[in-house]
Visitor: 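Provided herewith is a single structure, encoded as structure tokens, for subsequent inquiry.
Just so we're clear, the structure is a prediction, and the values are computed from it rather than from any experiment.
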Amino acid sequence: MTIRALSQPTPSDDAFETRLEFPDNRLLIDLFGEFNRNLAQIEAAFSVQIVHQGNNLGVFGAKGDVERAAQVLDALYGRLEAGRDITPGDIDAEIRMGAKPPSKGAPADQMELFQGGKIEIKTRKKLVEPRTEAQKAYVKGLFENELAFGIGPAGTGKTYLAVAVGVNMFIGGHVDKIILSRPAVEAGERLGFLPGDMKDKVDPYMQPLYDALGDFLPGKQLAKLIEEKRIEIAPLAFMRGRTLANAFVVLDEAQNATTMQMKMFLTRLGEGSRMVITGDRSQVDLPRGVTSGLADAERLLGGIDKIAFNYFTSKDVVRHPLVAKIIEAYDAESERVATAKQTR
């Protein structure tokens with residue numbers, strides 16, 4: 001056991017106390033965080049109070065909240081014992097997913113991670129873990145299906161996790177190359193003439209994909225792989241006529257692909273390849289009257305076996321907490337407008 005918990009219920013469920021004892025004082029510095037910010041994050045999430053003295057912690061609050069906070073503290077301490085760091089994102093993941101201490105042994109193959117219920121994506125630079133149940137189901141679907149869709153609002157990790165899985169499968173030898181694509185569609189404004197050669201003109205549209213890759217691969221290795229064309233980042237229009245074999249292929253911002261572009265892209269799937277389509281139905285930048293290929297793909301392919309559809313909501317947003325509230329506000333307004341139209 002990494003910690004010992006002594007539960008002391010009081011007459012009221014609103015005044016429950018659990019005391020935790022940690023054996024290694026050196027790890028508590030990282031567990032608490034600078035200025036106790038990690039403890040403050042847990043306190044805010046569960047509406048509890050955490051008091052520490054030496055290597056003992058007291059957690060006070062409603063019984064259910066206290067128990068869940070204690071589980072999170074246990075799991076975070078387990079991460080530190082296993083030689084792992086703790087970030088605000090890691091704390092958020094434990095709060096959302098439920099606390100399960102990580103195993104110290106590294107499984108030989110990524111797919112073995114599903115056996116114990118915990119999913120981790122290994123890349124060259126970092127270990128990526130799903131932070132919500134929807135993200136966990138999505139990542140599992142990416143490993144288990146040759147064609148998968150991730151649909152939901154911004155900030156839910158659709159593209160980030162897809163690229164992480166692609167890098168994992170690439171460094172594991174399951175695919176020979178990674179191909180990342182998105183429609184070169186301006187987001188509601190005209191950019192006009194862009195200087196430079198073809199790469200200079202399309203790179204601004206592809207920058208989010210470069211950013212994701214940079215999180216998972218060292219800079220020099222990434223540059224070499226791009227130069228060798230083992231990693232390709234290209235606009236959707238460049239996919240026509242190709243057969244993408246033994247590759248991990250991601251189409252990002254798929255809501256901005258037309259029906260014909262989507263059909264063209266989906267039919268590029270070759271032997272030994274995996275394909276991921278990500279998009280947000282609420283952010284279509286196509287001209288008025290042009291049908292989104294993502295919506296058509298949902299309608300036409302939803303009943304086909306071995307094609308996974310994974311959906312996210314504002315509850316799965318893992319960016320700044322305000323992003324979830326912003327999305328909920330816009331969704332509520334869209335629903336209000338739609339209801340008003342129906343009642344006219």
Side-chain angles (χ1 to χ4, degrees), residues 110-111 121 123-124 138-151 158-185 198-199 201-203 205-214 216-217 221-279 292-298 300-302 304-310:
Q110 178 71 42
M111 296 301 290
I121 309 166
T123 69
R124 287 276 188 253
Y138 176 56
V139 170
K140 189 173 181 180
L142 297 184
F143 278 107
E144 294 180 345
N145 296 276
E146 293 179 340
L147 178 57
F149 286 77
I151 302 171
K158 305 181 299 294
T159 305
Y160 193 80
L161 291 171
V163 175
V165 171
V167 170
N168 174 271
M169 298 193 77
F170 175 75
I171 63 180
H174 300 289
V175 295
D176 296 333
K177 66 189 329 184
I178 297 172
I179 300 173
L180 309 178
S181 182
R182 38 162 47 190
V185 175
M198 181 61 71
K199 185 176 185 301
K201 293 178 189 295
V202 301
D203 272 359
Y205 298 100
M206 307 294 122
Q207 191 59 48
L209 301 177
Y210 284 106
D211 293 343
L213 283 169
F216 308 132
L217 292 168
Q221 183 184 14
L222 176 58
K224 183 180 180 182
L225 290 171
I226 291 176
E227 183 181 351
E228 295 173 347
K229 294 193 179 300
R230 297 179 69 190
I231 292 181
E232 294 183 45
I233 302 176
L236 176 58
F238 289 12
M239 296 295 106
R240 188 174 296 278
R242 301 184 62 181
T243 299
L244 308 176
N246 300 312
F248 192 94
V249 191
V250 179
L251 175 61
D252 188 31
E253 299 289 346
Q255 76 276 2
N256 289 327
T258 66
T259 298
M260 291 307 297
Q261 285 177 324
M262 180 63 75
K263 179 183 177 183
M264 176 273 292
F265 185 80
L266 291 171
T267 54
R268 300 307 94 197
L269 185 63
E271 290 293 328
S273 287
R274 289 175 181 266
M275 187 173 281
V276 186
I277 317 293
T278 70
S292 168
L294 180 62
D296 263 359
E298 281 187 89
L300 297 171
L301 307 180
I304 298 179
D305 291 338
K306 298 184 179 180
I307 298 180
F309 281 86
N310 298 92

Visitor: First locate atom CZ of R182, then atom CG of L251, and finally report the distance between them rounded to the nearest 0.5 Å.
Guide: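 The distance works out to 9.5 Å.
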Visitor: Is there side-chain contact between M169 and L142, with at least one heavy-atom pair below 4.5 Å?
Guide: no
Visitor: Checking the side chain of S273 only, and the main-chain atoms of F248 only, is there a donor and an acceptor separated by less than 3.5 Å?
Guide: no
Visitor: Counting only heavy atoms not in E146, do more than 12 sit closer than 6.0 Å to its CD atom?
Guide: no
Visitor: Return yes if some donor-acceptor pair links the side-chain N/O of S181 with the main-chain N/O of L236 below 3.5 Å, else return no.
Guide: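 Yes; judged by distance alone, with no hydrogens or angles, the pair exists.
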Visitor: Nearest 0.5 angstrom please: E298 CD to F149 CZ, how far?
Guide: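 Result: 8.0 Å between the selected atoms.
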Visitor: Measuring only between side-chain heavy atoms, which start at C-beta, is M262 closer than 4.5 Å to I277?
Guide: yes
Visitor: Kindly compute the distance separating CG (N145) from CG (D305), expressed to the nearest 0.5 Å.
Guide: 10.0 Å
Visitor: Side chains of L266 and L147: closer than 4.5 Å at any heavy-atom pair?
Guide: yes
Visitor: Roughly how far, to the nearest 0.5 Å, is the CG atom of L209 from the OH atom of Y160?
Guide: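 Separation between the atoms: 13.5 Å.
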Visitor: Could you pull out the closest heavy-atom pair between G279 and Q255, with the gap in Å?
Guide: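 Result for this residue pair: CA-OE1, 3.2 Å.
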Visitor: Can you list every pair that meets side chain to side chain donor-acceptor pair (under 3.5 Å) and has a residue in residues 231-245, with sequence neighbours left out?
Guide: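 The answer is K177-E232, E232-R242.
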Visitor: Using a 6.0 Å cut-off, check whether atom CD of E228 has over 12 heavy atoms from anything other than its own residue.
Guide: yes
Visitor: So which atom in K158 and which in Y138 form the shortest heavy-atom distance, rounded to 0.1 Å?
Guide: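 Looking at all heavy atoms of both residues, the closest pair is O-OH, 2.8 Å.
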Visitor: Rounded to the nearest 0.5 Å, how far apart are CG of D176 and CG of L244?
Guide: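 Output value for this atom pair is 12.5 Å.
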Visitor: Does any non-hydrogen side-chain atom of V249 lie less than 4.5 Å from one of F265?
Guide: yes
Visitor: Looking only at heavy atoms, which two atoms of L294 and A254 are closest? And how far apart?
Guide: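 Taking L294 first and A254 second, the nearest heavy atoms are CB-O, 3.7 Å.
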Visitor: Within a strict 4.5 Å, meaning less than it, do heavy atoms of the L180 and L213 side chains meet?
Guide: yes
Visitor: If every non-hydrogen atom of M239 is compared with every non-hydrogen atom of A234, which pair is closest and at what distance?
Guide: CE-CB, 3.9 Å
Visitor: If you measure from CD1 on I171 to CD1 on I178, what distance do you get to the nearest 0.5 Å?
Guide: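 Between atom CD1 of I171 and atom CD1 of I178 there are 9.0 Å.
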Visitor: With side-chain contact (heavy atoms from CB on, under 4.5 Å) as the criterion, how do Y210 and I226 come out once you've worked through the C-alpha distance, each side chain's angles and the decisive distance to 0.1 Å?
Guide: CA-CA 10 Å; Y210 284 106; I226 291 176; 3.9 Å; yes
Visitor: List the atom of A162, the atom of V276, and the distance in Å for their closest heavy-atom pair.
Guide: CB-CG1, 3.9 Å
Visitor: Give me the atom names and distance for the closest heavy-atom approach of R124 to L217.
Guide: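 So the minimum-distance heavy-atom pair works out to CG-CD2, 3.6 Å.
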